[in-house]
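Working notes, beginning with the structure itself.
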Amino acid sequence: MSDPVSLAFEATPRADFLPAGARLFAGIDAPHPIGYGATNSQPSTVRHMLQLLQVPSGARVLDVGSGSGWTTALLAHLVGPTGSVLGLELTAPLVTMGASNLAATGRPWARIAQADPDHLGAPSAAPFDRILVSAMADSIPRGLLAQLAPDGVMVIPVAGRMVRVRRVEGGEPEVERFGAYRFVPLR
C-alpha cells in the first residue's frame with residue numbers, strides 16, 4: 001500500500017495545475033513558471049514538504065502561497081472531506097487560476113482566497129493543525145506560529161533551509177532543519 005503523500009500525488013496530477021504550454025513538462029522534477037514571478041514547485045520538494053508536514057485526515061490546514069492550487073489540492077486530498085484547507089495567494093490572477101484548478105478536483109472542503117498583504121496567514125480563521133508555506137522567509141514568522149494549534153506543525157523554507165516547526169503548548173517551539181532549498185521570497 002502506498003503512503004498518503006504518494007496517494008495524494010497519484011490523485012492530483014501536476015499537469016492539471018500548470019499553464020497549457022508547460023503541461024508536457026509536468027513529469028520533470030523541476031519548478032515551472034506559472035506567471036507573475038511565481039513557480040509551481042519541484043515535485044520532489046513538494047513531496048518532502050508534505051512528508052514533513054504529516055497531515056492527518058480531518059485536519060484544518062493553511063496553505064500560504066497557493067500559486068496554481070496544486071499544493072492546496074494535494075493538502076485537500078490528505079485531509080479528506082472531514083478536514084478543511086484554506087489556500088492563500090497574494091497575486092489576484094493566481095488566485096483566479098488556483099481557485100479554478102482546485103474547483104476542477106471536486107474537493108469542496110478546500111478553497112483559495114486572496115491573501116491580505118497587511119497580515120501574514122489568516123489570523124481570524126486560526127488555529128490551524130498544519131501550515132504549509134511555499135515561499136522563503138528570512139526567519140520563522142511569529143505571526144504564523146501563533147496561528148498554529150497546540151501540537152500543530154508548520155513547514156516553511158527559512159534562509160535557504162527547509163524548516164519543520166511544532167508548536168508546543170506552554171513552551172518553546174520545536175524546530176528541525178533539513179536540506180538546502182530555493183523559493184520565491186515570502187512577502
Side-chain angles (χ1 to χ4, degrees), residues 17 31 33-42 45-46 48-50 52-56 59-76 78-79 83-99 101-102 109-187:
F17 296 85
I34 57 172
Y36 311 96
T39 61
N40 178 278
S41 295
Q42 183 172 339
T45 299
V46 173
H48 186 231
M49 292 173 79
L50 294 177
L52 291 174
L53 202 57
Q54 298 176 334
V55 180
R60 294 186 74 240
V61 180
L62 177 64
D63 183 20
V64 177
S66 58
S68 68
W70 188 43
T71 54
T72 307
L74 288 164
L75 290 163
L78 290 168
V79 303
S84 65
V85 181
L86 172 58
L88 295 177
E89 176 57 51
L90 275 173
T91 306
L94 291 179
V95 172
T96 301
M97 174 199 298
N101 291 340
L102 180 62
W109 53 92
R111 67 184 181 94
I112 294 175
Q114 179 79 44
D116 178 347
D118 296 325
H119 297 95
L120 188 55
S124 64
F128 298 98
D129 302 306
R130 299 290 187 271
I131 298 176
L132 179 69
V133 182
S134 296
M136 185 75 69
D138 294 329
S139 60
I140 296 170
R142 291 287 170 188
L144 283 179
L145 187 59
Q147 294 173 47
L148 277 175
D151 291 321
V153 174
M154 176 170 55
V155 172
I156 178 173
V158 176
R161 304 283 307 273
M162 191 61 65
V163 176
R164 181 180 191 273
V165 183
R166 186 174 77 82
R167 183 172 178 210
V168 178
E169 193 166 15
E172 289 297 312
E174 294 176 357
V175 178
E176 298 173 274
R177 291 176 173 77
F178 304 87
Y181 291 88
R182 287 181 19 172
F183 278 81
V184 297
L186 183 63
R187 298 178 245 165

Over all heavy atoms of both residues, which pair between Val158 and Ile140 is shortest? Give the atoms and the distance, please. CG1-N, 4.1 Å
Could you list the residues that satisfy side chain to side chain contact (heavy atoms under 4.5 Å, CB included) with Leu94, not counting sequence neighbours? Ile34, Tyr36, Ala38, Glu89, Thr91, Met97
Listed once per pair and sorted, the salt bridge (charged side-chain N to carboxylate O under 4.0 Å, His left out) pairs that draw on residues 130-151, sequence neighbours left out: Asp151-Arg166
Nearest non-hydrogen partners of Ala122 and Phe128, listed with the distance: O-CE1, 3.7 Å
Shortest non-hydrogen separation from Leu86 to Ala113 and the atoms involved: CD1-CB, 4.1 Å
Reported CG-to-CG distance for the pair Leu52 and Leu132, which is rounded to 0.5 angstrom: 10.0 Å
What closest approach, in Å, do Ala115 and Leu88 show between heavy atoms, and which atom pair accounts for it? CB-CB, 4.1 Å
Side-chain touch Met154/Gln147, heavy atoms, less than 4.5 angstrom: no
Rounded at 0.5 Å granularity, tell me how far CD1 in Ile112 sits from OG1 in Thr72. 4.0 Å
Side chain to side chain contact (heavy atoms under 4.5 Å, CB included) partners of Arg177, counting only residues at least two apart: Arg161, Val163, Val175
Just to verify, what does Ser68 make a side chain to side chain donor-acceptor pair (under 3.5 Å) with, not counting sequence neighbours? Asn40
Minimum-distance pair of heavy atoms, taken over all atoms of Ser134 and Gly65: CB-O, 3.8 Å
Student check: side-chain heavy atoms of Leu75 and Leu50 closer than 4.5 Å: yes
With a 4.5 Å cut-off on side-chain heavy atoms, are Leu90 and Pro117 touching? yes
Hey, could you give me each pair passing salt bridge (charged side-chain N to carboxylate O under 4.0 Å, His left out) that has a residue in residues 59-76? Not counting sequence neighbours. none
Could you list the residues that satisfy side chain to side chain contact (heavy atoms under 4.5 Å, CB included) with Ala149, not counting sequence neighbours? Pro127, Asp129
Please give me the minimum heavy-atom distance between Met136 and Gly160, naming the atom from each residue. SD-N, 3.2 Å
Considering only heavy atoms from C-beta outward, does the side chain of Pro141 approach that of Ile156 to under 4.5 Å? yes
Under the ring-ring contact (aromatic ring centres under 6.0 Å, His included) definition, can you give me all pairs with a residue in residues 157-178, not counting sequence neighbours? His48-Phe178
Any side-chain heavy-atom pair from Val165 and Leu144 closer than 4.5 angstrom? no
Ser41 meets the side chain to side chain contact (heavy atoms under 4.5 Å, CB included) criterion, sequence neighbours left out, with Val46, Phe183
Contact list for residues 110-119, test side chain to side chain donor-acceptor pair (under 3.5 Å), sequence neighbours left out: Asp116-His119
Leu186 vs Leu120 side-chain heavy atoms within contact, under 4.5 Å: yes
